[in-house]
Amino acid sequence: MLKRSPHLSWRLLTLMAGFFIVTLLLIGRLAYLQVINHAYYVEQARDEHLASQSIPAHRGAILDRNGYPLAISIDAYDVLIDRSVWRTWSRAQQGAEALSQVLGMPAEAILQSATAPGETFYLLRSRLDYQRGRQVIELGLPGVSVRNTSRRYYPEGDLAANILGFVGQDHQGLAGIEADFEDELAGKPGTVYFERDTRGNPIPFGRRHVVPPTPGRDIVLTIDRYIQRIAEQQLDEAIRQHRASGGSILVMDPKTGAILAMASRPSFRYAELDFNDPEKLRLTRNIAVTDYYEPGSVVKVLTTAAAIDLRLVNPNTTYIDNGTVKVYDATITNWDFSINGPTTVTQYLQKSLNTGSVWLAGLIGADRFYDYMKRFGFGQRTGIEFSAESPGLLRTQKDPGWTPVDLATNSYGQGIGATPVQVLAALSAVANGGILMRPYIVQEIAGPGKHTVTQPQPVRRVIAEDSARIMRQLMNEVVDGVKSHLAQMPGYRVGGKTGTTLVSIPGGYDLESTIASFVGFVPADDPVLGILIKIDQPKDDPLGGRVAAPVFPKVAGPVLTYLDIRPDTALHAQQR
Amino acid sequence: MAGLDRPLTLPLRRKASRGRDALQEGTQTPSRPIRLTWLIGAVFFTAMAGLVPVVQTSHATATGYTVRQLERERQEWQARIYQRESDIAGLTALDRIDREARRLGLEPAQATLYLEVPIPAPEQAHIPSRFVPRPPNRAEVTEPGWQRLLNRLSLP
């Protein structure tokens with residue numbers, strides 16, 4: 001009888017080893033699938049039977065400083081048609097007829113567009129208002145679905161359009177406050193996760209998880225819609241009257257830097273926005289902060305302020321005006337070619353004599369003059385909340401190509417580039433006691449869980465308080481001390497200065513066109529309003545004193561009444 | 001069945017003695033009514049246990065449906081609020097007020113007269129005011145203490 005060997009045969013061992021290796025491989029594969037790639041396969045399994053849909057967040061509103069809405073969002077619906085369902089003619093016809101009654105579109109047009117070859121889902125109507133959207137849902141038509149969306153609404157029409165900007169098709173800010181505060185306004189979209197069937201449709205009563213959207217924050221501007229409207233109306237009227245190419249009117253609280261109105265022309269209309277037309281898109285710029293100009297004689301105020309602050313002159317200091325000043329190879333004359341003889345600082349400002357500025361700049365010297373110009377904020381951004389703000393242009397004695405003639409011309413505002421908001425901020429520093437305030441246009445940002453209030457921000461002290469007081473009196477003399485000055489207001493003391501400059505073009509100046517401006521504040525002894533008026537290329541009259549100055553009382557008058565700043569009756573009687 | 005007419009449970013002592021008797025007799029088994037009781041109890045328990053998840057699922061589904069319904073209603077109300085806000089904004093727009101004033105025969109003022117009115121101005125509309133805190137009501141601020149006390153009395 002054969003005896004079985006107690007040892008394992010090599011065949012058996014091989015078989016066992018084979019099984020062992022295969023088992024190891026299987027275990028390894030299982031470990032790879034279930035341990036190492038666990039997350040991946042869980043994700044895949046979830047994707048297989050779960051779907052998600054984004055829930056748009058409600059965009060925040062833009063409000064004026066009194067809480068009146070300037071831009072708000074309304075819920076709306078996009079109406080979509082599933083072309084694969086509408087292949088059945090009777091179903092399509094029935095659906096088109098039902099939709100035509102709600103949408104106010106001819107049934108034939110709906111049928112034609114929805115049954116034409118193309119993508120499966122056809123967008124029949126975008127941003128349909130909420131009421132009609134609900135009606136479409138209630139119809140329950142096969143192949144017709146709606147998608148939640150929203151519509152931006154500007155209740156005040158085109159008021160402050162340059163400031164507010166606009167949103168694109170995807171409801172994302174593309175210009176102005178809408179773009180610069182996109183993160184705050186947009187909010188955070190939510191997501192709904194749901195179980196789906198093989199066709200991707202939600203399973204009724206299936207699992208569902210909703211991550212709610214976080215609504216965008218509301219932005220409260222310093223703009224007052226009433227003051228903004230007055231500014232825009234008066235700007236339009238001045239442009240029409242003088243056949244000008246454009247202009248700006250800015251109203252600011254000189255003590256805080258809060259911008260109460262910022263009107264700019266040319267501007268755009270929401271109804272005429274065309275993203276494909278570069279010319280129309282150019283109109284969307286807020287030129288009060290993006291474009292700089294030569295402020296002209298308005299700068300004489302700052303030159304004088306520097307000289308007074310340095311104790312070089314006082315309002316009664318006299319110089320001899322010969323009508324011309326020779327600076328190296330250049331001869332500078334007064335704007336009206338007048339020769340005035342002995343002239344006080346007050347008289348030089350009242351008559352806006354270029355020779356006086358050149359005299360003061362000579363006393364101050366280049367180093368100190370440009371230091372004051374920088375301290376007044378020229379050549380740098382003011383910090384107002386617009387990303388497209390221009391820093392302007394200030395060439396100093398340290399820059400290549402600078403000559404002493406530049407100092408002379410800069411002293412009366414030529415060769416300096418500044419934005420309207422820079423000029424008004426600089427003049428406001430004179431009006432408010434000598435402190436340059438950062439101009440700001442956003443007063444509050446209020447949202448869920450966070451509320452930020454902008455505090456007025458002093459940038460620096462530019463001139464001493466007593467120098468500022470002297471300058472306020474001087475500027476009051478410039479307006480109220482000149483008979484029939486067109487910026488005067490009955491019952492109010494006004495301080496201000498006109499400016500007239502030629503329009504600079506490549507290689508020099510256009511001798512045929514000017515920029516007429518006036519910067520003023522009221523009441524002169526304790527200013528509550530600083531106003532800049534700038535009219536570009538007036539056709540009938542080139543001078544700031546005749547084009548821009550008369551606009552000042554037209555803006556300031558109703559605004560003072562609105563702010564309940566009453567006229568001084570004694571002063572009114574005295575003025576009569 | 002006669003067995004069902006009897007009580008379903010017996011005293012423990014009785015059960016124990018009957019068991020002992022059965023062992024002694026060697027042929028007797030526990031009586032049928034007791035086994036039936038256990039069986040019915042087990043079936044009932046199983047049925048109940050099976051019903052619990054059904055009830056729970058049903059309840060969860062119904063609650064989920066209600067939640068979804070309420071969410072939809074909340075969305076609808078929110079959308080209506082936004083719509084009303086836009087309606088109010090449109091009605092309080094300066095251009096619209098100007099048009100209406102002119103329609104009523106009013107004209108822009110040529111002169112300003114200041115009159116003292118001893119009544120606080122109406123509260124300004126602040127819509128939307130979800131996040132921006134409302135300013136204090138002027139009437140509340142200016143109301144004297146005696147007036148507040150008087151308001152508490154239920155006078156005719």
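Letters go in sequence order (proteins before strands), and every chain restarts at 1. No experiment lies behind these values; they were computed from the predicted model shown.
The shortest heavy-atom contact between V210(A) and E71(B) is CG2-OE1, 4.1 Å. Counting all heavy atoms, side chain and backbone alike, I72(A) lies closest to S86(B) at CD1-CA, 3.4 Å. In terms of heavy atoms, A79(B) sits closest to Y130(A) at CB-CE1, 3.1 Å. The two residues Y114(B) and I565(A) come nearest to each other via the heavy atoms OH-O, 4.1 Å.
Of the residues considered (P155(A), S73(A), P558(A)), P155(A) shows the highest number of contacts with chain B, using heavy-atom pairs under 4.5 Å. Between chain A and the residues A62(B), A93(B), G90(B), the largest count of heavy-atom pairs under 4.5 Å involves A93(B).
Separating the CZ atom in R225(A) from the OG1 atom in T92(B) is a distance of 5.5 Å, to the nearest 0.5 Å. A distance of 4.0 Å separates OH of Y82(B) from NE2 of H58(A), quoted to the nearest 0.5 Å. Rounded to the nearest 0.5 angstrom, I137(A) CD1 and E76(B) CD are separated by 7.5 Å. Here OG1 of T112(B) is found 15.0 Å from OH of Y562(A). Values are rounded to the nearest 0.5 Å. The CZ atom of R96(B) sits 12.0 Å away from the CD atom of E156(A) when rounded to the nearest 0.5 Å.
Heavy-atom distances place no part of S150(A) under 4.5 Å from chain B, backbone and side chain included.
No more than 12 heavy atoms of other residues, nucleotides or ligands sit less than 6.0 Å from atom CD of E107(B). For E100(B), the CD atom counts as densely surrounded, since its 6.0 Å shell holds more than 12 non-hydrogen atoms of other residues, nucleotides or ligands. Atom CZ of R269(A) has 12 or fewer neighbouring heavy atoms from other residues, nucleotides or ligands inside a 6.0 Å radius.
The closest side-chain heavy-atom distance from D75(A) to Q83(B) is not below 4.5 Å. With contacts defined as side-chain heavy-atom distances shorter than 4.5 Å, the pair R229(A)/D95(B) qualifies.
Every residue meeting the side chain to side chain donor-acceptor pair (under 3.5 Å) condition with T149(A), not counting sequence neighbours, appears here in chain and number order: R127(A).
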